[in-house]
Protein chains: 4
Amino acid sequence: MGQAASTPRARRRAKTTARIVETGLRLVTEGGFEALTMQRLAGELDYAAGALYRYFPSKDALLLAVQLRVSELLATDLAERAAAVDALDLSADRRALVQLLVAARVYATLPERRPAHAALLARWLGSPDLLVDTEEARPRVPRLLALFSAVPSAFAAASAAGALAEGDPMRRAIALWAALQGAAQLRKLDRFEVDAVRAGPLVDELLRALLIGWGAAPEAYEDALSRARAIVPDGEREER
Amino acid sequence: MGQAASTPRARRRAKTTARIVETGLRLVTEGGFEALTMQRLAGELDYAAGALYRYFPSKDALLLAVQLRVSELLATDLAERAAAVDALDLSADRRALVQLLVAARVYATLPERRPAHAALLARWLGSPDLLVDTEEARPRVPRLLALFSAVPSAFAAASAAGALAEGDPMRRAIALWAALQGAAQLRKLDRFEVDAVRAGPLVDELLRALLIGWGAAPEAYEDALSRARAIVPDGEREER
Amino acid sequence: MGQAASTPRARRRAKTTARIVETGLRLVTEGGFEALTMQRLAGELDYAAGALYRYFPSKDALLLAVQLRVSELLATDLAERAAAVDALDLSADRRALVQLLVAARVYATLPERRPAHAALLARWLGSPDLLVDTEEARPRVPRLLALFSAVPSAFAAASAAGALAEGDPMRRAIALWAALQGAAQLRKLDRFEVDAVRAGPLVDELLRALLIGWGAAPEAYEDALSRARAIVPDGEREER
Amino acid sequence: MGQAASTPRARRRAKTTARIVETGLRLVTEGGFEALTMQRLAGELDYAAGALYRYFPSKDALLLAVQLRVSELLATDLAERAAAVDALDLSADRRALVQLLVAARVYATLPERRPAHAALLARWLGSPDLLVDTEEARPRVPRLLALFSAVPSAFAAASAAGALAEGDPMRRAIALWAALQGAAQLRKLDRFEVDAVRAGPLVDELLRALLIGWGAAPEAYEDALSRARAIVPDGEREER
DNA sequence: CATGAATGAGACTTCATTCAT
DNA sequence: TATGAATGAAGTCTCATTCAT
C-alpha cells in the first residue's frame, strides 16, 4: 500500500517486512504480550537479532505495525460480512439495522474468534504508552478510521430509512464501539465464573438497549438480530 | 476493617504497609505500569529493596494490594455521592434514576477527577496478564463486587418503581459498567483531536441510549440527568 | 555434656540450643542443604531471625553444631549395635570380625537409613570450606575420634585373636572408613541407573576384599557377614 | 572432537567457550564452589554478565561443562601413563597389575598434582545437588564412563592372566575408585595433624588390602607397586 | 543485507546479619 | 531474652539495542 513497490529490491523488502509482522503477531498470539521479544522474534525467523533493525527502527515501531495489521484484518472481516448482508433481499430500513448488528457482532466476537488479536487491540487501547509517539501515529489515524467508516454510514442509512431516530451517526458509531470494547474487556473476568459477567448475554443486553434507545422498534430489532446471528454466529473460533 | 490493629507494633506495620501501597500507586500514576519496580519503589521509600518483602511476599501481591486500594477509593466515592442523592427529596422512581446516573457519572468522570486511578483501572482491565494469579485473586472478587452492589440495587429499585422496564439488574449494572469503561478508554484518543471521540458527549450519548433503551421515559431521563449533574459535575479535577 | 548445667537459666538455655540444632537438622533433612537458612529456621521455631544469634554467633557455628549432632547420633548407632554383638555367644576371633562388619555396615547403610544425615556428613567431608575455622573445630576433633574408637579397638582385637594378620589398627580403621565413605558417595549415581554402581553390592565387594586382604579366612568372613547382616540388615529405612 | 570448527566464526566461538570454562574452573579452584558466580566470572573475563548466556543457557549448563572439562583432563592423564606402562617389557600378568596400580595412583595423587581439580571432583561427588538436572547430564554419563574404561579392562586382563582371582571387573573398578575417592577426601583432615589420616600411607594400605583381597600374590604386588611408583611418583605437584 | 558478540541496565528475589526496642 | 524492621550485597537471568565484520 502507499507507494507501489516497483524495484525487485523494494518488493523483497516489503515481503520480509510483512513476514516479520506476521511472525510477531503469531508470537503474541501464542504466548501473550511479553512473548514478543526481539531476540525470540529473530530466532523464530532464523535471523540474528540485529537484522530486525534494518526493517524497524525500534521495537515500538514494530509493535505499531503489528497493531495496524490486526486492525486491517478486522476491517477485512467487517467488509466481508457487510457484503454478505448486501447479498440478502431486505428492505432498506431492515438492511441498515442488520448491517449495524453484523458490524457489532463482528467486533464483539473477536475475542472468541481470534483471542490474541482482541487482546492486542484491548491492550493497545488500554495502554496509552504503547501507542508510539503521537507524531508517528497521527498520520495513520484517519486511515484507520476510514477502514471503519462503514459503521457510521450504516447509522446514517438507518436514520434515513426510518429504522432509527435521528442522531449524529459518527458519535453513535463511536459509542457503539466503546460499549463493545468495554464488554470485550470484561471477558477476562470469565475465569472468575461470576455469572452476570458472561460475555455473550452482556453483548446482547448492550446492543438491545442501545439500538432501542436510539429508536429501533423492538420487533424490528429481534428480526434483525436473528438475521445477524446467521451471518456472525456465536461460538465461532478461528484461532490463527 | 478486620482486626483492630491493637499493639503499637501492629499499628506501625499497618502504617508502613499503607505507605508502600500509596507510593506504589503514585509510581504507577506517574510513570505507567512498568514504572512500578520493586527497586524504584524501595528507593522512593528510602528502603533497601529487600525490605519490601517483609510486607508483601511478592511483587504480584503488592500489585494486587494497589489495585484493591484504587477500587476501594472508587467505592468510597460512589457511597458518598449516593448518600447525597438520598438526601434529596424525590419520588421513588425519580430517585432510582438519579442514583443510576450519579453512579454512572462518578465512574465516567474518574479519568478527569483522578486520572491516575482511572488509568490504573483501565490498564488492570485491559491487560489480562496483570491480573494476579487467579487463585490468589478469587477470594477478593466477591468482596469487590459487594463494594459496588449499590448499582444493581438501584436498577432493581428503578424497575420496582416503574422507572425502567423489568430486566436482570445485575446484568444491567455490568452492561453499564462495561459501556462506561469502553468510553473511558477512548479518552486517550482525545489527543488526536478527532471530534466525535470526545469523552463528555460520548458518555451522554451512551447513558441516554441505554437508559431509554431500558425503558426510561425521555423527560424523566432529562430531569434525572440535570439533578445528577448537580451532584457530579463535569469539569471537576482532584488529581491524585 | 561438658560443664553441668546447674542454674535453671543455664538449663533452659541448653534446652533451647538443642531444640535449635534439632530443628536445623530437620530442615536439612527435609529440604536439602540450602533449605537451612536462618530465617526459615527461626520461622520454624516461632522465633524471630535475630533470636538465633543469642545462641550461636553465626550460621557457621550453628552448622558445626548440627554436624556434631549427626556424628553423635551415628556414634550412638555404633554403640548400640556393638552391644548387640557382645550379646552373642561367639569365639573371640569370630566376635572381632563380626564387630568390624557390623560397624562397617552401620556406616555404609546410613544413606539408606537416614539419607539426610548421610548427605550432611558427606557434604561436611566433601567441602572443606564448610568446616568452621580450624581454631574452633580443632578441640572437637579428638572428642569425635573418641566416639569412634571402637573400630580400631576391634581391629586390634581381631589381630590378637588371629582373625586378621598384624597391622596398624588405627590406619586400618581409617582406611575402612575412607572406602565406605567413597562407596556411600557413589550412591547418588544410582539415579543414572548404571548397574555396576549400585551401593549394596559395591559395599559387599569392598568389605570382602579389604578383610580378606587383611588376612581374614574366606569362610570366617562369610560366616561373620551373615551374622552382621542379621544385626544390620540391608533395606532398613528410618528417615527421621 | 566431534564437528571440526571450520568457519572462523565457529573457531572464535569455540575459543571463547573454552576460555569461559577455563576461567570458571580457576574461580572454583581459587575460592571454592560458591566463588563461581556468573557476575564474578563475567567480571574476570571483562564481560557483561549477560554475555555468558550466549555461550551457556544457564549456570547449571556452565557448571556441567566445567565438570566435564576436569574429567577429561583426568582421563588424559590416565591414558598417558597407561601408554608408559605399555612401553615396559613385562609379562602379561605383571603388566595387568602395574596398569591397575598406575591408574589407582594417578587418581590418588590428583589432590597433590592438581589440588583444585581434585577438590572439584570431590565436591561434585560430595554434593548431590550440584549435579545438574538428571535429564541434561544423563547422555554424558556413558561418554564419561567410556573415558575410564581402561580400568575395568585392566581388571579383566589381570584375571585372565591369573594375576587376580575371577570377579566382575566393572564392579571392582568402581570399588577401587570409591575407595580412593574416600581416601582423597580425608586428605583435608591433614590439617588437624592426626597421624593415621595421612593420605600417602592410607592409599598404600587400601591398595594393598584390596588387590591382595582380590587374589594378588604379595610378592607380585610389591614388585608391581615399585614399578608403578616409578611411573607415578609420590610427591609430584603440577598445580593448575 | 545480515551476523552474532557484547553491552548495560534492570528485573525479582534471598540471605546473613545488625540493632533499637 | 526476644522481636521485627531494616540493610546491603549478592544471586540468576532477560532484554532492547549497537556495532564491527
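All values below come from the heavy atoms of this structure, side chains included, with hydrogens, waters and symmetry mates left out. Letters A, B, ... are given to chains in the order of the sequence lines, protein chains preceding strands, and every chain is numbered from 1. Owing to the predicted nature of the structure, the values given are computational and were not obtained by experimental measurement.
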OP1 or OP2 of [N] under 4.0 Å from side-chain N/O of [X]:
{"X": "Gln39(A)", "N": "dT14(F)", "answer": "no"}
{"X": "Tyr55(C)", "N": "dA2(F)", "answer": "yes"}
{"X": "Arg12(D)", "N": "dT21(F)", "answer": "no"}
{"X": "Arg40(D)", "N": "dG11(F)", "answer": "yes"}
{"X": "Arg54(D)", "N": "dG4(E)", "answer": "no"}
{"X": "Thr37(D)", "N": "dA10(F)", "answer": "no"}

Atom pair distance, as rounded to whole Å: [atom1] in [X] and [atom2] in [N]:
{"X": "Asp46(A)", "N": "dA2(E)", "atom1": "CG", "atom2": "C1'", "answer": "13 Å"}
{"X": "Leu41(B)", "N": "dA11(E)", "atom1": "CG", "atom2": "P", "answer": "11 Å"}
{"X": "Glu34(A)", "N": "dC12(E)", "atom1": "CD", "atom2": "P", "answer": "13 Å"}

Is there side-chain contact between [X] and [Y], with heavy atoms separated by less than 4.5 Å?
{"X": "Arg26(C)", "Y": "Thr23(C)", "value": "yes"}
{"X": "Val66(C)", "Y": "Arg69(C)", "value": "no"}
{"X": "Thr17(D)", "Y": "Arg13(D)", "value": "yes"}
{"X": "Leu64(A)", "Y": "Gln67(A)", "value": "yes"}
{"X": "Tyr47(B)", "Y": "Thr16(B)", "value": "yes"}

TODO: Between Ala51(A) and Met38(A), name the one whose nearest nucleotide on DNA chain F is closer to the 5' end.
DONE: Met38(A)
Using atom types as modelled, flag every donor-acceptor pair under 3.5 Å from a side chain in residues 49-57 of chain C to any protein atom, sequence neighbours excluded.
none

Open item on the list: Let me spell it out: for each of Leu52(D) and Arg13(A), pick the nucleotide of DNA chain E with the closest heavy atom. Which residue's pick is nearer the 5' end?
Closed with: Arg13(A)
Open item on the list: Here's a test of your reading of the structure: between Ala48(D) and Gly50(C), which maps to the more 5' nucleotide of DNA chain E?
Closed with: Ala48(D)
TODO: Check every atom of dC12(E), dT17(E), dT12(F) against the side chain of Lys59(C) and return the nucleotide holding the closest atom.
DONE: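 My answer, after comparing the listed nucleotides, is dT17(E).
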Open item on the list: Counting runs of three or more consecutive pairs, Watson-Crick or G-U wobble, with each distance below 3.5 Å, where are the stems of DNA chain E?
Closed with: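 Detected stem regions: E:2-21 with F:2-21.
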